[in-house]
Structures are given as C-alpha cells and as structure tokens.
Engineer: 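My questions will all concern the structure given below.
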Amino acid sequence: MKRNKGKNLLTFPDDFCLVDVETTGIDPEYDEIIEIGAIRVRNGVQRDRFRMLVKPAEPIDEFIEQLTGITNEMLAEALPLKSVLPVFRTFLGDDIIVGHNINFDINFLYDGCIALNLPEISNDFVDTMRIARFVIPELEHHRLKDLCKHYQVENQHAHRAIYDCESTFEVLNHLKQDFSSSVMDWPARYKKKAKDLQAQTDIFDVTHPLYGKQCVFTGTLSRMTRAEAMQIVLNLGGTNGDNLSKKTDYLVVGSTEYSANVKGGKTGKMKKAEDYILKGCDITILSESAFYDMIAE
DNA sequence: TCTCCTCGAGATCT
DNA sequence: CTCGAGGAGA
C-alpha cells in the first residue's frame, strides 16, 4: 500500500515540529514504536514538547535495550500506541515535520495513524540528512552522530527520542547558518520558479526603477538565493521571468563560476540578451552589485 | 536549453 | 529513500 505523504521540502522553516521515534527495529511492517519525542518550534524558538514511551506488543530485544537505554522494565508501565498516538497526532497538527532521515519516523507514524483511524500524516517535511549532504558534502558520513560531532553538538542521551530531537534542532540551526553564509544554492530542479512566487505587499513605490519591470536572473548570486532576489523584485512591484524574452527589462548576472556547463563564460540567457539588444530591444544587463544598489533603498 | 524518463550506486533510520 | 548520469524528445 502506497503512503500519501507530504512534500519533502528543501527549506529552513521558522515554524515546525521536530520529531523522532524509537522502535524495535527498522522495518515498519514488522517493528513497533517504543518512544515518541517531539518539539514544537515557533519562529525558530522551542515552545512545547511531547515525550512518551509506548508499550509494544512484544518485549524488546537486548540490542534495542542497549542501543536506546529503554528497558522492558520501563516499557511495562508505558501506555500502548492506541493511547499515545492520538495525543501525538493532536500535538503534531499540520506542522512541517523536521527530523533526521525523517522518512523513517514518518513511515512508522503514518502506518500507525492509518491503523488507528487517525488523520493521515500528509504533513510536508524537512530531512536534515538530505540538507546536510548538500551543505557539508565533504563529510564522509551524514549520520546524526557525525553531524553532532562536526558541529560540536552534545548528544549524551543519543537514541532517546526527545534528546535526538534536541540534537537535530541544534544541527538544523548550524546547517541553516552554513547554508546562508555560503554562495551555494539548492540544485536547479528545486529552485523556485518565477510563477511560484507573489508579492508580499500591495503598497508599491511607483517611482522605483524596478516598478513594472521584468527581471530575469542568470548565474549564482552571492548574497542571496535567486528565490529571495525574485521576492524582492516582486515586493518592489516588478515581475520575474524564468527565461529571457522581448518583454524582459533587466538581466541580472550573478557568478557563473559554479555552473558546470559555462564555467566563467556567457550563459545562454546572456547571449540571448545581447542578441535582443542588437535587434533594438530595450534590455539592460545588470551586474550583481548594480542590482544590489538598485534594491538598496 | 529544458523536461521527463530510467538506471544503478550509496546511505540512513532502530 | 535520494542523487547523478545518460538518453529521448521537444
């Protein structure tokens, strides 16, 4: 049976819920949840937490006891999943879910919700492992413990759900910092297209040089992502195009150093712009810094 | 240039 | 699961 899960996002959300589950093994088909931990975050700040042990149908084996520090003795007093999961499902709501290799956890929770007739978990989610592979590709491994070591995040109680949530939160903040302070950007296929964005205001300065003008970007910007730049243009009353056309007013040229196909040369959009200009179209090619000057005020 | 495929390789979760 | 490579077809 196919799971109808939410989208796997490549973003750093401000509001989300960190989630981690401990289980009796790695197969959702045969293994059971023994602990759920979650931390609700609002505007980047921890607000609420959920942590409950779950009594499984079968006793857990010694390996899992060793790994997690959760013992059969502790679980003897715990409530079964049918009592715990409804509470967790309410706690989670429709938050974006954040976790490390979070598909693992979602699969267990998703199946549990279906079995117990709870609202399906179709929440969008953010996987810190996937993000880490982009942000720090030089690391040989991207397990949670490797990331904790890399960022010097303490995880004394690794493999207890709530503490793994804590570590993941710290790691996420470091990844966000590294990502935004570098010149890298998500792979092209995840970049926002012009049509995916809209202005966040309806008050515009009609005298602004970008007002009513169409901008197209080429290359990698150093100070912001392309989506952020497009957003600024929209908020100034301008429009964006994914590709160059006769209606384009400005072509903003970022660095081509990191794009494998052109490597310092002219991009297709640049050649096309020069072509149009020769044919008499009124297109202005802007350097990255000229663009920043333009949006500065 | 762009999008949509298929394929195999490799990694992580308990 | 996700990624990159490589091909097909605009």
Side-chain angles (χ1 to χ4, degrees), chain A residues 2-3 5-10 18-37 53-54 56 58-72 75 81 97-112 124-150 155 157-165 167-168 171 184 186-191 193-195 216-219 241-245 251 256 259-262 265-273 275-276:
Chain A
K2 205 178 149 211
R3 298 185 183 94
K5 295 195 283 188
K7 289 198 296 270
N8 186 347
L9 307 176
L10 275 180
L18 295 146
V19 173
D20 186 58
V21 304
E22 306 304 318
T23 68
T24 59
I26 51 172
D27 190 339
E29 179 129 14
Y30 304 109
D31 295 312
E32 300 181 76
I33 295 174
I34 55 173
E35 185 178 39
I36 304 176
L53 289 169
V54 180
E58 303 287 331
I60 62 175
D61 63 35
E62 199 179 325
F63 173 74
I64 297 296
E65 278 193 333
Q66 287 288 328
L67 181 73
T68 62
I70 299 169
T71 63
N72 280 300
L75 292 174
L81 191 64
I97 300 170
V98 177
H100 199 70
N101 195 20
I102 192 63
N103 267 299
F104 174 86
D105 310 79
I106 292 177
N107 288 345
F108 274 92
L109 295 166
Y110 187 100
D111 294 355
D124 290 344
F125 55 92
V126 172
D127 182 0
T128 50
M129 182 176 78
R130 189 181 178 209
I131 289 183
R133 286 183 175 149
F134 276 113
V135 177
I136 31 178
E138 66 274 19
L139 237 55
E140 189 183 358
H141 295 289
H142 299 83
R143 297 166 295 197
L144 184 56
K145 68 168 186 183
D146 302 305
L147 301 185
C148 285
K149 191 177 174 194
H150 181 255
N155 61 340
H157 303 87
H159 294 296
R160 286 304 300 271
I162 197 72
Y163 296 105
D164 278 354
C165 287
S167 309
T168 304
V171 166
M184 67 180 120
W186 304 122
R189 65 184 168 288
Y190 299 112
K191 281 183 198 163
K193 298 274 175 56
K195 61 176 164 53
V216 172
F217 293 88
T218 185
D242 289 321
N243 287 298
L244 218 85
S245 77
L251 178 68
T256 54
S259 100
N261 41 347
V262 287
K266 286 179 179 171
T267 63
K269 286 175 189 169
M270 260 197 99
K271 291 176 190 161
K272 207 163 176 179
D275 228 40
Y276 280 135

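The chains referred to below are lettered A, B, ... by the order of the sequence lines, with proteins before strands, and numbering in each begins at 1. Here the structure is a predicted model, which is why all the values come from computation and not from measurement.
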Engineer: Would you kindly give the CZ-to-P distance between A:F104 and C:dC1, to the nearest whole Å?
Structural biologist: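 Whole-Å distance recorded here is 15 Å.
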Engineer: Contact class for A:D146 vs. all strands (heavy atom < 4.0 Å): base, sugar-phosphate, or nothing?
Structural biologist: nothing
Engineer: Rounded to the nearest Å, what distance is computed from the CG atom of residue A:N101 to the P atom of nucleotide C:dT2?
Structural biologist: 10 Å
Engineer: Grab the CD-P distance between A:Q66 and B:dT14 for me, whole Å please.
Structural biologist: 16 Å
Engineer: Answer yes or no: is there a donor N or O on one side and an acceptor on the other, between the side chain of A:D31 and the main chain of A:I26, under 3.5 Å?
Structural biologist: yes
Engineer: Taking atom P of B:dG10 as reference, at what distance in whole Å does atom CZ of A:R130 sit?
Structural biologist: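 Going from A:R130 (CZ) to B:dG10 (P), I get 20 Å.
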Engineer: Take atom CD1 of A:I34 and atom P of B:dC13, then tell me their distance rounded to the nearest Å.
Structural biologist: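 Distance, rounded to whole Å: 16 Å.
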Engineer: B:dT14, C:dT2, B:dC13: which one has an atom nearest the side-chain heavy atoms of A:R143?
Structural biologist: B:dC13
Engineer: Under a 3.5 Å cut-off for both distances, is B:dA11 Watson-Crick or wobble paired, and to whom?
Structural biologist: none
Engineer: Expressed in angstrom and rounded to an integer, what is the separation of A:H100 atom NE2 from B:dC13 atom C1'?
Structural biologist: 8 Å
Engineer: Can you find a heavy atom in the side chain of A:N103 that is under 4.5 Å from one in the side chain of A:K5?
Structural biologist: yes
Engineer: Within the structure shown, what part of the strands sits under 4.0 Å from A:D31 by heavy-atom distance: base, sugar-phosphate, or nothing?
Structural biologist: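 Contact class for A:D31: none.
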Engineer: Side chains of A:E32 and A:V54: does their closest heavy-atom pair fall under 4.5 Å?
Structural biologist: no
Engineer: Quick one, A:L75 and A:I34 - any side-chain contact, counting heavy atoms below 4.5 Å?
Structural biologist: yes
Engineer: Counting C-beta onward and ignoring hydrogens, is there a side-chain heavy-atom pair between A:H100 and A:L147 closer than 4.5 Å?
Structural biologist: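 Yes, their side chains come closer than 4.5 Å.
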Engineer: A:I131 CD1 to C:dC1 P: how many Å, rounded?
Structural biologist: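 Atom CD1 in A:I131 sits about 18 Å away from atom P in C:dC1.
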Engineer: Please work out if A:T24 contacts a base, only the sugar-phosphate, or nothing of the nucleic acid, heavy-atom cut-off 4.0 Å.
Structural biologist: nothing
Engineer: Hey, does A:L144 reach any base, or is it just sugar-phosphate, or nothing, if we go heavy atoms under 4.0 Å?
Structural biologist: sugar-phosphate
Engineer: Given B:dA11, is OP1 or OP2 found less than 4.0 Å from the side-chain N or O atoms of A:H141?
Structural biologist: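 For A:H141, the contact criterion (side-chain N or O under 4.0 Å from OP1 or OP2 of B:dA11) is not met.
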Engineer: Whole angstrom is fine here: how far is it from OH in A:Y30 over to C1' in B:dC13?
Structural biologist: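 Whole-Å distance recorded here is 18 Å.
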